[in-house]
Amino acid sequence: MYKKLMPLLVILSCILVLAGCGKTKEAVSAASTSPEVSATALPTPLATPEAAKPTLMNLYYGNEDGDALVSKEVSLASTSNLSAYIEVLNGLTKSPDDQSVALFDGFTFQSAELKGSTLTIDLTLPAEPQLGAPGEELLIESLKKTMFQFEEVQAIEVLVNGQKVESLLGHVDLPHPIAK
């Protein structure tokens with residue numbers, strides 16, 4: 001009699017093991033916990049500039065030919081918008097892959113400060129910028145498309161070493177401020 005039940009017990013054990021493998025950790029822990037209020041059920045605080053920042057953003061770089069912008073999605077690690085501004089700006093100085101060109105290569109971002117709805121960016125230019133007029137236009141467009149993703153930013157004031165300049169690289173007029 002045990003010889004007839006043994007294969008049935010083995011098959012039944014395998015079925016139970018396989019059924020348990022399909023459950024995720026969350027499903028198992030949710031089923032075994034007592035009913036409590038979850039963090040998602042709590043009311044969210046009122047929107048503040050720090051709470052309004054996106055966690056995923058698109059950064060804009062030049063394409064390989066230098067005649068168009070390409071978008072690359074990044075995740076922000078910053079805990080506040082003030083540090084997120086600098087994190088994003090510094091992200092524009094490094095190309096994420098071979099299909100994109102960092103238009104801000106060699107630039108140093110000294111500060112980024114939000115006053116009202118205007119973001120003031122103070123930067124230092126590279127010793128020998130390598131962009132002509134089309135590249136400078138792409139550079140400004142990259143800055144606009146990237147930074148205007150922050151809802152609170154409605155204008156961008158760009159300073160070079162703390163001073164307003166007519167043009168970043170001498171080819172394209174720089175509005176003061178750049179409006180959304």
Side-chain angles (χ1 to χ4, degrees), residues 39-40 43-180:
T40 56
T44 57
L46 295 175
T48 62
E50 286 74 29
K53 80 169 181 59
T55 54
L56 291 176
M57 285 190 67
N58 291 316
L59 272 58
Y60 291 86
Y61 302 92
N63 65 357
E64 290 179 89
D65 298 328
D67 59 359
L69 293 176
V70 292
S71 171
K72 302 292 178 178
E73 189 173 72
V74 297
S75 178
L76 298 180
S78 298
T79 57
S80 73
N81 275 0
L82 294 178
S83 58
Y85 301 143
I86 291 293
E87 180 182 351
V88 168
L89 291 167
N90 286 333
L92 293 174
T93 65
K94 298 177 237 46
S95 178
D97 55 37
D98 293 337
Q99 291 80 36
S100 57
V101 176
L103 298 169
F104 286 91
D105 185 32
F107 284 69
T108 303
F109 293 98
Q110 304 298 330
S111 66
E113 184 179 345
L114 187 68
K115 291 181 183 175
S117 62
T118 301
L119 179 65
T120 302
I121 300 170
D122 189 10
L123 57 86
T124 301
L125 299 173
E128 295 183 29
Q130 301 295 317
L131 301 173
E136 187 174 354
E137 286 179 14
L138 283 177
L139 179 112
I140 294 169
E141 193 62 28
S142 166
L143 183 67
K144 288 168 48 176
K145 285 187 165 207
T146 300
M147 299 314 289
F148 284 144
Q149 291 176 77
F150 291 98
E151 292 178 17
E152 67 275 12
V153 176
Q154 299 298 312
I156 303 169
E157 182 67 58
V158 179
L159 306 175
V160 176
N161 297 322
Q163 303 295 314
K164 288 184 181 181
V165 293
E166 290 182 27
S167 175
L168 279 177
L169 305 176
H171 306 290
V172 178
D173 287 339
L174 182 63
H176 291 283
I178 301 169
K180 192 170 198 176

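For this chain, numbers begin at 1 and follow the sequence in order.
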Which pair of non-hydrogen atoms, one from [X] and one from [Y], has the smallest distance, and what is that distance?
X: Y61; Y: G91; value: OH-O, 2.8 Å
X: V172; Y: E137; value: CG2-CG, 3.5 Å
X: E136; Y: L168; value: OE2-N, 3.2 Å
X: V158; Y: H176; value: O-CE1, 3.5 Å
X: E152; Y: Y85; value: OE2-OH, 2.6 Å
X: M147; Y: V153; value: O-CB, 3.8 Å

Can you measure from [atom1] ([X]) to [atom2] ([Y]) and round to the nearest 0.5 angstrom?
X: Q149; Y: Y60; atom1: CD; atom2: OH; result: 5.0 Å
X: N58; Y: L69; atom1: CG; atom2: CG; result: 11.5 Å
X: T146; Y: L92; atom1: OG1; atom2: CG; result: 4.5 Å

Worksheet item: Okay, side chain of E151, backbone of F148: is any donor-acceptor separation there less than 3.5 Å?
Response: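 It does not hold such a pair.
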Worksheet item: If you draw a 6.0 Å radius around CG in D173, do more than 12 non-hydrogen atoms from other residues or ligands fall strictly inside?
Response: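 Open: at most 12 neighbouring heavy atoms sit under 6.0 Å from CG of D173.
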Discussion item. Quick check on E166: does its CD atom have over 12 non-hydrogen neighbours (other residues, nucleotides or ligands) under 6.0 Å away?
Written reply: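 For E166, atom CD is not crowded (no more than 12 foreign heavy atoms under 6.0 Å).
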Discussion item. Just so I know, are the side chains of S75 and L56 near enough to count as touching, which here means a heavy-atom distance under 4.5 Å?
Written reply: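 With C-beta onward as the side chain, the pair touches.
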For residues 97-122, which side-chain donor-acceptor pairs fall under 3.5 Å, sequence neighbours excluded?
unit_1: D97; atom_1: OD1; unit_2: Q99; atom_2: N; d: 3.1
unit_1: D97; atom_1: OD1; unit_2: S100; atom_2: N; d: 3.1
unit_1: D97; atom_1: OD1; unit_2: S100; atom_2: OG; d: 2.8
unit_1: D97; atom_1: OD2; unit_2: K72; atom_2: NZ; d: 2.8
unit_1: S100; atom_1: OG; unit_2: S95; atom_2: OG; d: 3.3
unit_1: Q110; atom_1: NE2; unit_2: T124; atom_2: OG1; d: 2.9
unit_1: D122; atom_1: OD1; unit_2: N161; atom_2: N; d: 3.1
unit_1: D122; atom_1: OD1; unit_2: G162; atom_2: N; d: 2.7
unit_1: D122; atom_1: OD2; unit_2: G162; atom_2: N; d: 3.3

